[in-house]
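Worksheet: the structure to be examined is printed underneath.
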There are 2 protein chains.
Amino acid sequence: MLDPVGAAACCPPLTARPLSQAQADQIAPLLKALADPVRLRLMSLVASHRGGEACVCDLNDAFDLSQPTISHHLKVLHDAGLLDRDKRGVWVYYRVRSAALASIAAMIAGTPAIG
Amino acid sequence: MLDPVGAAACCPPLTARPLSQAQADQIAPLLKALADPVRLRLMSLVASHRGGEACVCDLNDAFDLSQPTISHHLKVLHDAGLLDRDKRGVWVYYRVRSAALASIAAMIAGTPAIG
DNA sequence: TCCAGATATCGACTATCATCTATGTCTTGA
DNA sequence: TCAAGACATAGATGATAGTCGATATCTGGA
């Protein structure tokens with residue numbers, strides 16, 4: 001389980017000065033977690049869902065993929081620290097960690113955006 | 001060869017409304033190109049190099065990797081539209097397309113940053 | 001015309017990843 | 001206590017990606 005806010009915040013903007021190997025090794029997994037069409041759509045669906053959260057049951061229906069596959073992608077995003085997970089009864093709700101997205105964006109473009 | 005500025009600009013910010021599958025399919029390759037430690041360091045090295053550009057000879061020395069491997073990563077970044085390529089004599093110079101980075105960052109965080 | 005150096009391409013190998021089916025775990029309600 | 005439903009995990013498989021050594025291509029100078 002990563003801390004994307006810390007990871008991206010650790011590092012200077014990409015264009016400011018050369019990233020060390022350790023810094024690059026810290027950031028690459030975050031981008032890797034985002035760099036998949038299904039996971040991009042999952043992030044987008046969760047973020048724009050009513051209340052800023054969505055349960056897995058809502059998400060499964062949006063894809064032509066098996067339930068375990070969606071579960072896998074959600075785990076990847078959660079392990080990367082990009083989604084928060086909240087189990088309420090039988091249902092599991094996911095919520096986007098916007099601070100994480102802001103940190104990543106700031107690292108990429110140098111924009112001092114704080115989520 | 002992609003057009004990352006157009007690709008990322010085509011799409012609403014991740015958190016604004018659900019991405020279509022087509023939009024996600026367009027953006028994922030850009031993030032995938034960035035989502036590698038070596039390529040992150042390459043982008044960073046090129047961007048922060050004197051004059052905003054660097055030749056391959058400068059870059060090869062910064063890594064403990066073979067010359068073909070670096071060449072491969074540069075090709076991935078160039079094909080994704082993240083690096084511009086300029087051959088001058090025997091040397092090839094690469095330059096970061098900062099507008100591309102800005103578009104990606106804006107798409108991730110919703111920041112209306114224009115590079 | 002030829003050689004040396006800079007960079008790209010090719011082919012192979014290994015590791016990682018996305019996906020599936022089958023199954024396990026947990027919670028609610030009867 | 002049991003059954004049903006929501007979600008996660010396990011194991012397998014085909015595709016993709018990072019790396020290398022060998023080789024090709026291009027350019028400038030002798």
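Below, chain A is the first sequence line, B the second, and so on; all start at residue 1.
Residue-to-nucleotide contacts include no donor-acceptor pair under 3.5 Å from the side chain of B/Gln67 to the base of C/dA6.
Atoms NZ (A/Lys32) and P (C/dT16) sit 9 Å apart, rounded to a whole Å. What separates CG of B/Asn60 from C1' of C/dA8 is a distance of 12 Å, to the nearest Å. For the pair A/Tyr94 OH and D/dA6 P, the interatomic distance rounds to 15 Å; values are reported in whole Å. As rounded to whole Å, 18 Å separates atom P of C/dC17 from atom CG of A/Leu65. Counting to the nearest Å, the C1' atom of D/dG18 and the CD atom of A/Gln21 are 14 Å from each other. Rounded to whole angstrom, the span from the CG atom of A/Leu59 across to the P atom of D/dC7 amounts to 9 Å. If you measure from atom CD1 of A/Ile70 to atom C1' of C/dC20, you get 13 Å, rounded to the nearest angstrom. One interatomic measurement links the two molecules: NE2 of B/His72 to P of D/dC20, which rounds to 11 Å at whole-angstrom precision.
If B/Thr69 and B/Val90 are placed on DNA chain C by their nearest nucleotide, the residue sitting closer to the 5' end is B/Val90.
Distances were taken from every side-chain heavy atom of A/Cys57 (C-beta onward) to each of D/dC7, D/dT19, C/dA8; the shortest belongs to D/dC7.
Around the CD atom of B/Gln21, the shell of radius 6.0 Å holds no more than 12 heavy atoms that belong to other residues, nucleotides or ligands. Around the CG atom of A/Asp64, the shell of radius 6.0 Å holds no more than 12 heavy atoms that belong to other residues, nucleotides or ligands.
Of the charged side-chain nitrogens involved, at least one lies within less than 4.0 Å of a carboxylate oxygen, so that B/Glu53 and B/Arg88 count as a salt-bridged pair.
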**Message:** Walk me through whether B/Met43 and B/Leu83 qualify under side-chain contact (heavy atoms from CB on, under 4.5 Å).
**Reply:** CA-CA 8 Å; B/Met43 290 292 289; B/Leu83 282 182; 3.7 Å; yes
**Request:** Applying side-chain contact (heavy atoms from CB on, under 4.5 Å), run through A/Trp91 and A/Val56 and close with a yes or a no.
**Result:** CA-CA 7 Å; A/Trp91 294 281; A/Val56 181; over 6 Å; no
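Within the 4.0 Å cut-off from OP1 or OP2 of D/dC20, at least one side-chain nitrogen or oxygen of B/Ser66 is found.
At a threshold of 4.0 angstrom between heavy atoms, the contacts of B/Arg39 are confined to the sugar-phosphate backbone, with no base atom among them. Among the heavy atoms of the strands lying under 4.0 Å from A/Arg85 are primed sugar atoms or P, OP1, OP2 only; no base atom is included.
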